[in-house]
Amino acid sequence: QSPLVESGGGLVHTGDSLRLSCVVSESIWPYYTVTWFRQAPGNEREGVACFSIGDGNTYYGDSVKDRFTISRDNAKATVFLQMNNLQPEDTAVYYCAVDRGFLATHWWAPGRYDYWGQGTQVTVSS
C-alpha cells in the first residue's frame, strides 16, 4: 500500500470548488516537499502545486495560480489542495507526491519524487 492516500475527487460543474486531501504516512518521515500533480489522458504529468516544508514556501503552476491553494495540517500529516473556479481543462487524475529533498528546486519534475499516491479523479463538466 502506498504511504500516500489521496481523497476528495469527484464530478463537479464549471465554477465549482473541490478540496483534495493527501494523508502522508509517518513511515516515510522525514520528507520536505509535497506536491500535487495531475495527468489528463494523452498528456504528460503536470506539476500543479508544491508545499516546501524545507523553506516554507508554496509554488504553483501557471495554469492554476489564483485558483488553487495548497496547505498543510502538520498535526494530521495531511496536505490539502483547495481548487476553486474549476474549469473543464482541470479534468485529470490528481496525484500527491513526496520528495525527501530539502529544497523544492524543480518541484514540477515528476522524476524527483520518491513516493506517489494512487490518484483521485477530478472531472469538471461544462
Side-chain angles (χ1 to χ4, degrees):
Q1 183 177 353
S2 171
L4 310 177
V5 180
E6 304 105 328
S7 62
L11 172 63
V12 297
H13 295 97
T14 299
D16 286 350
S17 298
L18 276 176
R19 189 175 81 156
L20 305 182
S21 299
C22 173
V23 179
V24 183
S25 169
E26 64 180 17
S27 67
I28 62 172
W29 183 262
Y31 57 91
Y32 296 101
T33 304
V34 185
T35 296
W36 284 97
F37 286 83
R38 67 185 181 187
Q39 188 166 20
N43 290 356
E44 294 185 353
R45 196 161 291 193
E46 173 192 7
V48 174
C50 171
F51 194 109
S52 175
I53 300 170
D55 62 16
N57 292 326
T58 56
Y59 304 89
Y60 296 92
D62 289 340
S63 61
V64 305
K65 280 180 181 177
D66 301 324
R67 297 189 299 124
F68 291 10
T69 302
I70 190 170
S71 62
R72 172 174 169 249
D73 184 331
N74 187 37
K76 297 181 180 179
T78 303
V79 175
F80 302 99
L81 183 67
Q82 178 67 43
M83 306 186 294
N84 297 330
N85 190 23
L86 283 161
Q87 302 296 312
E89 53 265 35
D90 295 317
T91 295
V93 178
Y94 283 70
Y95 298 91
C96 178
V98 163
D99 176 33
R100 287 177 163 169
F102 188 76
L103 297 177
T105 308
H106 301 300
W107 64 269
W108 59 87
R112 66 166 284 174
Y113 290 86
D114 302 305
Y115 301 95
W116 291 85
Q118 79 288 350
T120 185
Q121 176 71 46
V122 172
T123 303
V124 185
S125 65
S126 58

- Using ring pair (Phe, Tyr, Trp, His ring centres under 6.0 Å) as the criterion, list what pairs up with Phe37, not counting sequence neighbours. Tyr113, Trp116
- Task: Check whether Val98 and Trp108 end up in the same hydrophobic cluster, where Ile, Leu, Val, Met, Phe, Trp and Tyr are linked by side-chain heavy atoms less than 4.5 Å apart.
- Result: no
- Query: Linking I/L/V/M/F/W/Y whenever any side-chain heavy atoms sit under 4.5 Å apart, do Val122 and Val79 land together?
  - Reply: yes
- Query: Can you list every disulfide bond (SG atoms under 2.5 Å apart) pair that touches residues 26-62, not counting sequence neighbours?
  - Reply: none
To the nearest 0.5 Å, tell me how far [X] [atom1] sits from [Y] [atom2].
X      : Y     : atom1 : atom2 : answer
Thr69  : Leu81 : OG1   : CG    : 8.0 Å
Arg72  : Phe51 : CZ    : CZ    : 5.5 Å
Asp114 : Thr33 : CG    : OG1   : 9.5 Å
Ser63  : Phe68 : OG    : CZ    : 7.5 Å
Thr14  : Asp90 : OG1   : CG    : 9.0 Å
Tyr32  : Ser52 : OH    : OG    : 11.0 Å

Does the side chain of [X] reach to within under 4.5 Å of the side chain of [Y], using non-hydrogen atoms?
X      : Y     : answer
Thr120 : Val93 : no
Leu4   : Ser25 : no
Cys22  : Leu20 : no
Glu46  : Gln39 : no
Thr35  : Val48 : no
Arg67  : Tyr60 : no

Which pair of heavy atoms, one from [X] and one from [Y], lies closest together, and at what distance?
X      : Y      : answer
Ala49  : Trp107 : N-CZ3, 3.8 Å
Ile28  : Val24  : CD1-CG1, 3.6 Å
Glu6   : Gly117 : OE2-CA, 3.3 Å
Tyr115 : Pro3   : CD2-CG, 3.6 Å
Met83  : Tyr94  : SD-CE2, 3.8 Å

- Query: Thr78 and Asp73: side-chain hydrogen bond (donor to acceptor under 3.5 Å, both in side chains), yes or no, with the steps?
  - Reply: CA-CA 5 Å; Thr78 303; Asp73 184 331; over 6 Å; no
- Query: Can we say Arg112 and Asp99 salt-bridge, meaning some charged N sits less than 4.0 Å from an Asp/Glu carboxylate O?
  - Reply: yes
- Query: Is atom CG of Asn43 surrounded by more than 12 heavy atoms (other residues, nucleotides or ligands) closer than 6.0 Å?
  - Reply: yes
- Flag if over 12 foreign heavy atoms under 6.0 Å of CD, Glu89: yes
- Message: Going by side-chain contact (heavy atoms from CB on, under 4.5 Å), Val124 matches just one of Leu18, Asp16, Val12. Which one?
- Response: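 The residue from Leu18, Asp16, Val12 that satisfies side-chain contact (heavy atoms from CB on, under 4.5 Å) with Val124 turns out to be Val12.
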- Item | Modelled atom types, side-chain donor and acceptor of Gln121 and Thr123, under 3.5 Å | yes
- Message: Could you go through Val34 and Cys96, starting from their C-alpha distance and side-chain angles, then the distance that decides it, and tell me whether this counts as side-chain contact (heavy atoms from CB on, under 4.5 Å)?
- Response: CA-CA 7 Å; Val34 185; Cys96 178; 3.8 Å; yes
- Item | side-chain contact (heavy atoms from CB on, under 4.5 Å) evaluation trace for Gln82 with Ser17 | CA-CA 7 Å; Gln82 178 67 43; Ser17 298; 3.9 Å; yes
- Using the ring of each side chain (for Trp, its six-membered ring), is Trp29 parallel, tilted or perpendicular to Tyr31, with breaks at 30° and 60°?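 Perpendicular, since the angle between the ring planes exceeds 60°.
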- Item | Distance under 6.0 Å and angle within 45° of ring axis: Arg38 vs Tyr95 | no
